[in-house]
**Q** 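What follows is a single structure, and I will ask about it in a moment.
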Amino acid sequence: MQLCTVPIRPDDLRERLLDPAAGGYVAFEGWIRNENEGHTVLRLEYEAYEPLAVTEGERILAEARKRWPLRQAACVHRTGLLEIGECAVWVGVAAAHRDEAFAACRYIIDQVKVRLPIWKKEHYADGHSGWVNCERCAEHGDTAQHQAVHAEQKVRQ
Amino acid sequence: MQLCTVPIRPDDLRERLLDPAAGGYVAFEGWIRNENEGHTVLRLEYEAYEPLAVTEGERILAEARKRWPLRQAACVHRTGLLEIGECAVWVGVAAAHRDEAFAACRYIIDQVKVRLPIWKKEHYADGHSGWVNCERCAEHGDTAQHQAVHAEQKVRQ
Amino acid sequence: MSKNITVRYFAAFREHAGTGEETLAMSVATARDVFDKLRDRHGSSEPLGHCKVAINDELADWDTTVNDGDTVLLFPPVAGG
Amino acid sequence: MSKNITVRYFAAFREHAGTGEETLAMSVATARDVFDKLRDRHGSSEPLGHCKVAINDELADWDTTVNDGDTVLLFPPVAGG
């Protein structure tokens with residue numbers, strides 16, 4: 001797990017995961033999109049609390065390695081000001097078979113998004129800007145079920 | 001959908017899918033593994049019937065685009081003699097959100113593996129070689145249920 | 001009625017047949033008949049259910065009629081990726 | 001009993017507080033008490049259930065006791081990726 005302030009280079013990261021015993025490789029990248037919930041987005045600003053983002057990210061990778069037989073797994077998250085089309089987060093997983101690679105890659109990005117102390121501020125075309133809420137809060141609204149998700153995260157930690 | 005005889009360059013292929021409206025990108029790569037079902041593999045030989053592999057691959061990509069709201073989707077399969085660690089197949093999908101990107105990428109590789117007229121021969125360390133069977137035949141044995149899978153494919157086509 | 005059918009073999013089928021292509025005069029109605037005749041001729045044991053067939057470069061159903069002059073492509077079980 | 005607690009704010013919380021860090025003398029037992037006191041102080045309306053807390057660089061439960069001299073990190077809802 002790494003944080004970086006310079007552009008993520010997926011090809012270099014992929015290179016590090018090459019493994020003669022791996023038959024399946026799955027990579028996820030989060031790209032800065034030009035639109036969110038109807039607003040035109042110009043750029044995003046990511047803030048992270050690095051010491052804990054790294055330890056929590058390592059914990060997530062360890063959980064994935066424990067849950068599936070993986071050969072390689074890694075994650076890099078960028079911070080600072082990002083323009084449309086830039087890569088904010090990269091996850092790469094190599095495993096003997098694709099089932100595990102897909103499942104673990106999905107698990108890692110899902111957990112990274114809700115557990116790492118990372119925040120993003122969207123800067124809109126109309127001059128406004130705003131901190132983006134927890135993805136699940138936004139998706140589910142502030143339901144009792146969702147509060148339970150947060151409570152569960154807290155307990156797991 | 002493309003077939004190629006030279007090494008696949010995932011970074012170049014990814015570049016073509018960059019899209020300012022895409023927030024999630026998922027790539028799958030099939031790598032030549034040094035082992036299969038207990039046998040040490042030295043290299044693999046891929047044969048394809050190109051005209052139909054391309055049209056059937058395009059059909060699969062069109063199915064994925066119809067089923068999920070995607071921004072970009074592409075697939076490249078290599079043919080010829082491949083060494084351990086080389087990339088045999090690449091699938092890349094970009095979508096507004098990661099749910100669709102993951103689902104479509106998985107769908108495309110699953111279908112490519114069972115529907116494209118492509119065959120592979122494994123060359124083993126003990127000097128033997130053998131054509132690899134349909135992945136699902138190997139996994140499920142030749143059950144009535146699996147025969148039904150083949151029958152269904154036939155009908156769909 | 002005998003039809004002239006060009007048959008193309010791929011992968012394991014090509015190795016079984018010892019050739020990639022042959023043109024034969026056959027009394028056949030459907031793609032399935034072609035498969036059965038050639039299985040006997042070349043001694044393959046692959047069940048038809050695992051194989052695919054194309055006629056003149058179009059994937060086809062085993063019940064598709066083959067006509068004089070058609071090219072029938074016989075695909076053993078595929079294994080891409 | 002009053003404890004000296006250093007509080008660090010991130011993202012929206014930092015903007016609300018107008019500062020990234022402050023050291024306060026507070027009568028508090030747990031991390032939850034710290035959160036409640038500072039919500040009143042800075043007028044944030046974020047429900048605690050969406051937030052996280054770390055004490056001396058370790059993620060912690062809201063019921064964890066805070067001690068004199070601790071650094072409490074208050075994390076608003078996270079949104080990585």
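Chain naming here is simple, since letters A, B, ... match the order of the sequence lines and numbering starts at 1 in each. Reckoned from all heavy atoms, side chains included, excluding hydrogens, waters and symmetry mates. Please read all numbers here as calculations on a predicted model, not as lab measurements.
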**Q** Find the distance between CD1 (I118(B)) and CZ (F10(C)) and round it off to the nearest 0.5 Å.
**A**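 Reported to 0.5 Å precision, the distance equals 12.0 Å.
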**Q** Are there residues of residues 24-34 of chain B whose heavy atoms fall under 4.5 Å of chain C's heavy atoms? If so, which?
**A**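 No residue falls under the 4.5 Å cut-off.
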**Q** Just checking E58(C): does its CD atom have more than 12 heavy atoms from other residues, nucleotides or ligands closer to it than 6.0 angstrom?
**A**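 Result for CD/E58(C): open.
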**Q** Taking all non-hydrogen atoms of both residues, which atom of V78(C) and which atom of P117(B) are closest, and how far apart?
**A**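 Where V78(C) meets P117(B) most closely, the heavy atoms are CG1-CA, 3.8 Å.
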**Q** Less than 4.0 angstrom from a charged side-chain N to a carboxylate O is my criterion; do K121(B) and E15(C) meet it?
**A**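 Salt bridge: yes.
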**Q** Can you list everything that forms a salt bridge (charged side-chain N to carboxylate O under 4.0 Å, His left out) with R43(B)? Sequence neighbours excluded, please.
**A**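 Residues passing salt bridge (charged side-chain N to carboxylate O under 4.0 Å, His left out) with R43(B): E83(B).
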**Q** So does G81(C) get a backbone contact from the side chain of H77(B), meaning a donor-acceptor N/O pair under 3.5 Å?
**A**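 Yes, the answer is positive, given that a donor and an acceptor are paired below the 3.5 Å cut-off.
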**Q** Looking only at heavy atoms, which of residues 17-29 of chain C get nearer than 4.5 Å to chain B?
**A**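 None at all.
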**Q** Drop me the distance from D57(C)'s CG to L52(B)'s CG, to the nearest 0.5 angstrom.
**A**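 With rounding to 0.5 Å, CG (D57(C)) is 5.0 Å from CG (L52(B)).
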**Q** Could you list all the ring-ring contact (aromatic ring centres under 6.0 Å, His included) pairs where at least one residue sits in residues 15-37 of chain C, not counting sequence neighbours?
**A**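 Of all non-adjacent pairs touching residues 15-37 of chain C, those that pass ring-ring contact (aromatic ring centres under 6.0 Å, His included) are F35(C)-W62(C).
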**Q** How long is the span from the CH2 atom in W119(B) to the CZ atom in R14(C), to the nearest 0.5 Å?
**A**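 One gets 9.0 Å once the value is rounded to the nearest 0.5 Å.
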